[in-house]
Amino acid sequence: MDEEPISIQEAKDPGYQGAEVRLRGWIYRTRGSNKMLFMVIRDSTGIIQCVASRSDLGDDLFTVAKDLPVESSVIVIGNVNKDDRAPGGYEVHMNDVRTISKADRFPITKDQSEEFLRENRHLWIRSRKMNAILKVRSTVTGAIHEFFRKKGYHEFTPPIFTPNQAEGGSTLFEVKYYDRSIYLTQTWQLYAEAAIFSLEKIYDVSPTFRAERSKTSRHLSEFWMAEMEAAWIGYREAVQIAMDEIRFIIKKVLENNIGDLEILEVDPDGLVHILEKEWPVITYTEALGILNDKAGMDVQWGKDLRTVEEEELMKLFDTPVGVVEYPKEAMAFYKPVLEGADAPGPVAKCFDILAPEGYGEIVGGSERDTDIESLSMALEKEGESVESYDWYLDLRRYGSVQHSGYGLGVERLIAWICKLENIKDAIPFPRTMTRAYP
RNA sequence: GCCGCAGUAGCUCAGCUGGCUAGAGCGUACGACUGUUAAUCGUAAGGUCAUCGGUUCGAAUCCGCUCUGCGGCGCCA
């Protein structure tokens with residue numbers, strides 16, 4: 001009588017058709033008359049319609065079940081069958097409904113604004129949309145681990161509290177640290193550079209904090225970055241690794257999340273198509289030429305590409321594009337100059353990967369400068385105290401080697417794969433300049 | 001840092017050439033209904049129109065400050 005509960009997804013398996021099953025879940029919708037009750041329930045795997053007539057359950061139980069509000073938790077026992085009349089094509093004829101917890105009136109109803117859903121994120125996370133996104137997210141982070149481990153990389157976990165900046169001073173979160181201040185990490189990079197002299201090939205997926213005053217649909221104050229750092233490789237190899245990584249992630253999403261993409265109304269064929277194509281790698285200087293020729297934009301050499309320029313450029317491509325060798329001037333202190341480059345000015349051994357359809361930069365990376373003199377000069381130029389980076393400069397004093405690394409913005413990648421309008425939906429509890437609740 | 005948009009029932013909105021005793025749909029409560037597809041029908045409850053101040057005989061409506069949220073630029077992943 002008390003059979004083991006199964007998931008809603010399992011109940012749709014041919015082996016269970018006609019059988020009595022026990023399902024656990026939450027009420028997603030209810031409809032009915034005084035003789036019939038339709039109760040759609042959901043669990044982590046999906047939704048299924050459950051139906052009963054008054055005579056099936058008896059007057060008392062029918063009345064109790066009919067009064068259960070949306071999001072009440074229940075155990076349903078009944079016979080599952082294919083039924084074309086049911087949404088989703090399967091239906092459970094209920095023999096029993098057990099109330100685990102009767103819900104209060106659920107605040108989220110048919111009409112929802114973005115703001116209201118963010119205010120109620122702790123409840124909205126139950127929605128089919130968020131459920132699907134979070135499953136894709138789990139696939140993405142899992143795929144990152146799998147990709148690097150298969151290639152012989154070690155997972156390396158950096159500190160989150162850091163005394164130094166690495167990406168420009170104005171974007172650090174300063175926090176109390178006993179009787180002084182410290183910062184939340186903006187990147188694992190300086191520590192990763194130390195670690196490669198032990199592990200050679202490392203990666204991580206970890207939170208990153210940037211206090212940029214950006215109020216856009218592409219920015220978060222707390223986001224997850226998947227980074228890699230490896231000894232003995234140059235920036236051009238790093239570009240290829242990053243592209244392989246993204247391809248691998250997309251492949252895994254296609255293997256595991258077709259149903260979720262469907263809920264998100266994303267056509268998987270688009271992703272398949274992207275996997276089939278070559279992804280171009282162009283230089284910054286070439287990018288300016290393309291912008292001039294095909295978009296009529298006259299961008300002054302030496303400036304970083306701005307959002308409009310990236311958007312115009314990516315209108316010309318339907319796959320991710322690697323852009324390499326940006327002007328040294330616009331780049332962070334640790335990016336070395338490429339000698340003998342075919343460009344109007346000094347360029348750095350660095351790259352970005354841009355996603356199509358306006359999703360912008362999803363990867364940024366570079367080779368790392370191994371020259372103490374030029375590093376010290378670059379730090380001074382940025383107004384940093386060279387002394388506080390002494391430990392970092394040590395890495396150049398004891399057996400320095402060529403090395404490169406990059407960071408992939410996990411939420412930006414998810415937003416692109418899932419075609420989300422806003423990056424805030426790519427993370428369960430978004431943190432922005434104006435929101436740290438719930 | 002700069003620019004723009006918004007705040008009216010639990011939710012989504014209408015009302016904004018000043019005349020309101022502030023409406024609708026959804027949700028909720030009660031009732032009806034034997035196959036519903038975010039069912040349908042009936043009845044009801046539910047509001048200091050974000051705050052403060054100003055103009056006016058009269059302000060949801062016009063003006064100003066503030067607060068809150070959202071987006072765009074810049075910067076970045």
Side-chain angles (χ1 to χ4, degrees), chain A residues 27-40 47 49-56 62 66-67 69-70 83-89 91 93 103-120 123-124 127-128 166-171 186-189 205-227 242 303-311 326 330-332 352-355 359-365 406-416 421-424 426-427 430 432-435 437:
Chain A
I27 296 177
Y28 183 66
R29 304 266 186 271
T30 56
R31 297 178 282 272
S33 64
N34 70 334
K35 297 288 195 301
M36 294 292 290
L37 169 63
F38 300 92
M39 184 190 271
V40 179
I47 61 172
Q49 175 162 286
C50 303
V51 61
S53 65
R54 182 178 283 273
S55 58
D56 290 338
F62 186 85
K66 195 172 183 297
D67 284 346
V70 164
D83 194 319
D84 290 340
R85 291 173 299 182
E91 190 169 80
H93 286 262
D104 288 354
R105 185 188 58 74
F106 198 61
I108 300 174
T109 60
K110 179 175 148 192
D111 296 310
Q112 312 135 348
S113 63
E114 302 242 316
E115 181 185 342
F116 185 72
L117 295 182
R118 280 180 204 153
E119 196 70 18
N120 290 280
L123 301 175
W124 180 237
S127 66
R128 299 199 82 200
E167 295 279 349
S170 62
T171 66
Q186 293 174 302
T187 167
W188 79 332
Q189 189 192 314
V205 186
S206 61
T208 300
F209 306 89
R210 295 199 184 166
E212 289 158 356
R213 303 183 88 79
S214 305
K215 289 165 285 187
T216 80
S217 54
R218 302 181 310 280
H219 287 86
L220 293 164
S221 303
E222 175 186 81
F223 65 98
W224 286 67
M225 194 141 73
E227 296 169 282
K303 300 225 164 151
D304 203 353
L305 293 181
R306 295 176 305 165
T307 306
V308 259
E309 285 131 23
E310 282 180 2
E311 275 175 9
Y326 284 80
M331 295 291 119
D352 283 346
I353 295 178
L354 309 179
Y359 286 91
E361 287 179 41
I362 50 175
V363 173
Y406 63 82
L408 179 155
V410 172
E411 286 77 17
R412 287 202 180 160
L413 181 66
I414 293 167
W416 172 54
E421 281 180 20
N422 198 308
I423 197 167
K424 295 172 192 72
I427 190 165
T432 65
M433 208 172 103
T434 49
R435 179 176 292 286
Y437 173 94

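Protein chains get the first letters and strands the later ones, always in sequence-line order, with residue 1 at the start of each.
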Gap between atoms [atom1] and [atom2], on [X] and [N] respectively (whole Å):
X        : N     : atom1 : atom2 : answer
A:Leu305 : B:G74 : CG    : P     : 11 Å
A:His219 : B:G72 : NE2   : P     : 10 Å
A:Tyr406 : B:C76 : OH    : C1'   : 18 Å
A:Phe62  : B:G35 : CZ    : P     : 12 Å
A:Ile423 : B:C75 : CD1   : P     : 18 Å
A:Lys35  : B:G31 : NZ    : P     : 14 Å
A:Met433 : B:G74 : CE    : P     : 16 Å
A:Glu212 : B:G1  : CD    : P     : 15 Å

Separation between CE of A:Met36 and CZ of A:Phe62, rounded to the nearest 0.5 Å:
8.0 Å

From A:Thr432 atom OG1 to A:Leu220 atom CG, the distance as rounded to the nearest 0.5 Å:
7.5 Å

List for me each residue that meets side-chain hydrogen bond (donor to acceptor under 3.5 Å, both in side chains) alongside A:Ser55, sequence neighbours excluded, and say none if there are none.
A:Ser53

Can you give one letter per nucleotide of nucleotides 2-11 of chain B, 5' to 3': B if a protein heavy atom sits under 4.0 Å from the base, S if only from the sugar-phosphate, - if neither?
B-------BS

Checking all strands, does [X] fall into the base, sugar-phosphate, or nothing category for heavy-atom contacts under 4.0 angstrom?
X        : answer
A:Ala226 : nothing
A:Val40  : nothing
A:Asp304 : sugar-phosphate
A:Arg118 : sugar-phosphate
A:Leu413 : nothing
A:Ser53  : nothing
A:Gly364 : sugar-phosphate
A:Glu411 : nothing
A:Lys424 : sugar-phosphate
A:Asn422 : sugar-phosphate
A:Met225 : sugar-phosphate

With sequence neighbours excluded, what pairs up with [X] under the salt bridge (Lys or Arg N to Asp or Glu O under 4.0 Å) test?
X        : answer
A:Arg435 : A:Glu119
A:Asp67  : none
A:Arg306 : A:Glu309

Pairs flagged by side-chain hydrogen bond (donor to acceptor under 3.5 Å, both in side chains) wherever residues 108-117 of chain A is involved - sequence neighbours left out
A:Glu114-A:Arg118

Identify which nucleotide among B:U36, B:A77, B:G35 has an atom closest to any side-chain atom of A:Pro87, counting heavy atoms from C-beta outward.
B:U36

Could you check which of B:G74, B:A77, B:G69 has an atom nearest any side-chain atom of A:Thr216?
B:G74

Syn/anti state for B:C20 [syn: chi within 90° of 0]
syn

Cut-off 3.5 Å, no hydrogens considered: what does the side-chain donor-acceptor table look like for residues 406-414 of chain A, sequence neighbours left out?
from	atom 1	to	atom 2	distance (Å)
A:Tyr406	OH	A:Glu245	OE1	2.5
A:Glu411	OE1	A:Trp224	N	2.9
A:Glu411	OE2	A:Arg137	NH1	2.9
A:Glu411	OE2	A:Arg137	NH2	3.1
A:Glu411	OE2	A:Trp224	N	3.3
A:Arg412	NE	A:Arg218	O	3.1
A:Arg412	NH1	A:Glu361	O	2.9
A:Arg412	NH2	A:Arg218	O	3.1

Between B:A9 and B:C5 - P atom distance, rounded Å:
22 Å

For B:U12 and B:U55, measure between their P atoms and round to the nearest Å.
35 Å

N/O donor-acceptor pair, side chain A:Glu91 with base B:G35, under 3.5 angstrom
yes

Report yes if a donor N or O on one partner sits less than 3.5 Å from an acceptor N or O on the other, where the partners are the side chain of A:Ser217 and the base of B:G72; otherwise report no.
no

Side chain to side chain contact (heavy atoms under 4.5 Å, CB included) partners for A:Gln49, two or more places apart
A:Arg31, A:Phe38, A:Val40, A:Ala86, A:Pro87, A:Glu91

Counting only side-chain N and O atoms of A:Arg85, is one of them less than 4.0 Å from OP1 or OP2 of B:U34?
no

Looking at A:Ser214, I'd like to know whether one of its side-chain N or O atoms comes within less than 4.0 Å of OP1 or OP2 on B:C73.
no

Between A:Phe223 and B:A77, do the rings stack, that is, sit under 5.5 Å apart with planes less than 30° off each other?
yes

Polar-atom pairs under 3.5 Å, protein N or O versus N or O of nucleotides 22-24 of chain B: list them with distances, or write none.
none

Would you check if there is a donor-acceptor pair between the side chains of A:Glu227 and A:Thr187 at a distance under 3.5 Å?
yes

